[in-house]
> 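Dumping the structure here so I can ask a few things about it.
Just so it is clear, the structure is predicted and the values come from calculations on it, not from any experiment.
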Amino acid sequence: MPPIAVIDFETTGLSPAAGHRATEIAIVLLEGSRVVGRFQSLMNAGRRIAPFIEEYTGITNEMVQAAPPAADVMTEAARFVQGAPLVAHNASFDQQFWQSELRRVSGRKRPDPVWTSPPSFACTMLLSRRLYPQAGSYRLGALASFHALPDAGRAHRALADAEVAASLLCRIRGDLQERYQVDEAPHDLLVQLQRCQRRSMPKAIAAYFEGLRDHA
DNA sequence: TGCCAGGCCCTCTTTAGGGCCTT
């Protein structure tokens with residue numbers, strides 16, 4: 001099964017369009033349910049971190065000032081991912097920062113397909129909304145408690161959150177297998193399922209695998 | 001922690017508004 005990269009950013013705020021920048025990135029590389037690689041680094045993007053975000057993440061201005069430049073870290077992160085499809089919790093957030101930070105790198109160098117091709121993101125929050133209507137809350141921490149996922153360390157640090165999101169993804173894949181007999185849940189199937197209504201999932205799964213067979 | 005953003009989803013909806021989730 002091809003690898004999937006589960007990613008999490010810590011940032012100075014909610015929107016790259018508002019000038020917010022990444023302060024930390026972590027990536028957990030999964031093959032099936034097996035972790036085959038981890039990447040984590042603080043990064044210095046030259047932005048001050050507001051006190052309430054320092055408290056929220058535990059990442060201080062001093063820590064970021066001592067970190068390598070954001071461009072170097074993102075270059076290393078892109079090489080680590082090697083074009084693998086990406087997964088995140090509330091992926092629209094991490095997708096914005098992934099693309100924004102990489103654009104800053106590729107804008108200074110010869111364009112590289114790894115950086116210029118927007119990867120497709122699967123979202124563990126959207127999938128959880130469809131699969132676990134009884135969960136109540138779809139915050140990462142709440143879903144970790146709901147499923148009794150292994151503790152990964154301090155919440156709101158990138159590697160801990162990426163580890164929890166990876167565990168959640170494995171749980172989602174396991175439940176898809178149990179409920180819908182999906183032996184493996186490829187990334188593009190996850191992307192399709194996160195867009196369809198719960199009652200339409202069996203039909204979407206069947207259509208997906210019929211499509212694969214027709215193209216074989 | 002939330003006023004700032006943006007996407008998704010629900011409903012007292014669809015010619016809209018508000019809550020959730022991410023930092």
Side-chain angles (χ1 to χ4, degrees), chain A residues 5-28 40-65 67 70 73-74 77 85-104 118-147 149 152-169 171-172 189-201 204:
Chain A
V6 183
I7 189 168
D8 187 79
F9 278 104
E10 305 306 318
T11 72
T12 63
L14 297 173
S15 171
H20 298 143
R21 297 292 304 275
T23 57
E24 187 179 43
I25 184 173
I27 302 161
V28 173
Q40 180 273 331
S41 182
L42 291 163
M43 66 180 92
N44 185 356
R47 289 285 196 284
R48 292 290 297 176
I49 305 171
F52 76 86
I53 294 181
E54 284 187 315
E55 189 176 342
Y56 182 74
T57 63
I59 298 170
T60 65
N61 282 290
E62 290 70 27
M63 291 164 68
V64 165
Q65 281 163 11
V73 174
M74 290 305 299
L86 299 178
V87 175
H89 194 70
N90 194 17
S92 66
F93 174 85
D94 293 281
Q95 183 169 14
Q96 283 187 74
F97 279 96
W98 177 258
Q99 291 176 354
S100 170
E101 294 294 344
L102 286 182
R103 266 198 301 269
R104 290 174 179 273
S120 64
F121 271 72
C123 177
T124 50
M125 185 185 75
L126 293 180
L127 287 161
S128 295
R129 279 181 176 168
R130 283 151 180 81
L131 287 170
Y132 313 117
Q134 69 279 32
S137 169
Y138 297 94
R139 293 183 182 188
L140 185 59
L143 286 166
S145 298
F146 180 75
H147 291 301
L149 300 178
R154 190 194 193 286
H156 307 302
R157 284 299 298 264
L159 185 57
D161 283 1
E163 297 270 12
V164 173
S167 295
L168 178 57
L169 175 64
R171 176 64 189 244
I172 287 169
L189 173 61
L190 296 176
V191 171
Q192 288 187 29
L193 292 180
Q194 73 190 18
R195 303 282 180 191
C196 77
Q197 293 185 353
R198 179 177 166 78
R199 64 176 177 274
S200 306
M201 292 179 90

> When you compare dC12(B) with dG17(B), how far apart are their C1' atoms, in angstrom units rounded to a whole number?
11 Å
> Tell me whether the count of non-hydrogen atoms from other residues, nucleotides or ligands lying under 6.0 Å of CD in Glu55(A) goes above 12.
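Open.
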> Indicate, with a heavy-atom threshold strictly under 4.0 Å, whether Asp8(A) touches base, sugar-phosphate, or nothing.
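Sugar-phosphate: the residue Asp8(A), judged by heavy atoms under 4.0 Å, touches backbone atoms but no base.
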> Within this structure, what is the CZ-to-C1' distance between Phe121(A) and dT22(B), rounded to whole angstrom?
13 Å
> Would the Phe52(A) and Tyr56(A) ring centres measure less than 6.0 Å apart?
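So the answer is no for these two rings.
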> Using the side chain to side chain donor-acceptor pair (under 3.5 Å) criterion, which residues pair with Thr124(A)? Sequence neighbours excluded.
His89(A)
> Atom pairs, N/O to N/O, protein against nucleotides 5-8 of chain B, distance under 3.5 Å?
unit_1, atom_1, unit_2, atom_2, d
dC8(B), OP1, Arg195(A), NH1, 2.3
dC8(B), OP1, Arg195(A), NH2, 3.4

> Please measure how far the C1' atom in dC20(B) lies from the corresponding atom in dT15(B), and state the result in whole Å.
25 Å
> Return the value, rounded to whole Å, for the distance between atom CD1 of Ile59(A) and atom C1' of dT22(B).
14 Å
> Could you give the distance separating dC21(B) and dT14(B) at their C1' atoms, to the nearest angstrom?
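These two C1' atoms come out 24 Å apart once rounded.
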> Sub-3.5 Å donor-acceptor pair from the side chain of Ser200(A) to the main-chain atoms of Cys196(A), do we have one?
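The answer is no, because no donor-acceptor pair under 3.5 Å joins these two groups.
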> Looking for any heavy atom pair under 4.0 Å, which part of the strands does Phe97(A) touch: base, sugar-phosphate only, or nothing?
nothing
> I want to confirm an ordering. Mapping His20(A) and Asp94(A) to their closest nucleotides on DNA chain B, which one lands closer to the 5' end?
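So the residue in question is His20(A).
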> How many whole angstroms separate atom CD1 of Ile25(A) from atom P of dT23(B)?
13 Å
> Do we see a donor-acceptor contact under 3.5 Å between the side chains of Glu54(A) and Asn61(A)?
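Yes, because at least one side-chain N or O of Glu54(A) sits under 3.5 Å from a partner of the opposite role on Asn61(A).
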> Measuring only the P atom in each nucleotide, how far is dG7(B) from dT13(B)? A whole number of Å is fine.
25 Å
> Using atom P in both nucleotides, what's the gap between dT1(B) and dG18(B) to the nearest angstrom?
24 Å
> Can you measure Glu55(A) atom CD to dT1(B) atom C1' for me and round it to whole angstrom units?
8 Å
> Would you confirm whether the ring centroid of His147(A) sits within less than 6.0 angstrom of the ring centroid of Tyr132(A)?
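They qualify: ring centres under 6.0 Å apart.
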> Base, sugar-phosphate, or nothing: which does Ser137(A) touch, judged by heavy atoms less than 4.0 Å apart?
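If one applies the 4.0 Å heavy-atom cut-off, Ser137(A) turns out to touch the sugar-phosphate alone, with no base involved.
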> Run the side-chain contact (heavy atoms from CB on, under 4.5 Å) test on Ile49(A) and Ile59(A) for me, step by step, so that the C-alpha distance in whole Å, both residues' side-chain angles and the decisive distance to 0.1 Å come before the verdict.
CA-CA 8 Å; Ile49(A) 305 171; Ile59(A) 298 170; 4.1 Å; yes
> Write down the distance between CZ (Arg157(A)) and C1' (dT23(B)), rounded to a whole number of angstrom.
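Atom-to-atom, Arg157(A) to dT23(B), this comes out as 13 Å.
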> Which part of the nucleic acid, if any, lies within contact of Thr23(A), taking any heavy atom under 4.0 Å across all strands shown: a base, the sugar-phosphate backbone alone, or nothing?
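Answer is nothing: Thr23(A) stays at 4.0 Å or more from every strand.
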> Regarding Tyr56(A), tell me which of base, sugar-phosphate or nothing describes its non-hydrogen contacts under 4.0 Å with the strands shown.
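Since a base atom lies under 4.0 Å of Tyr56(A), the category is base.
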> Tell me what His89(A) touches on the nucleic acid: a base, only sugar-phosphate, or nothing, going by heavy atoms under 4.0 Å.
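Here His89(A) touches the backbone only, sparing every base.
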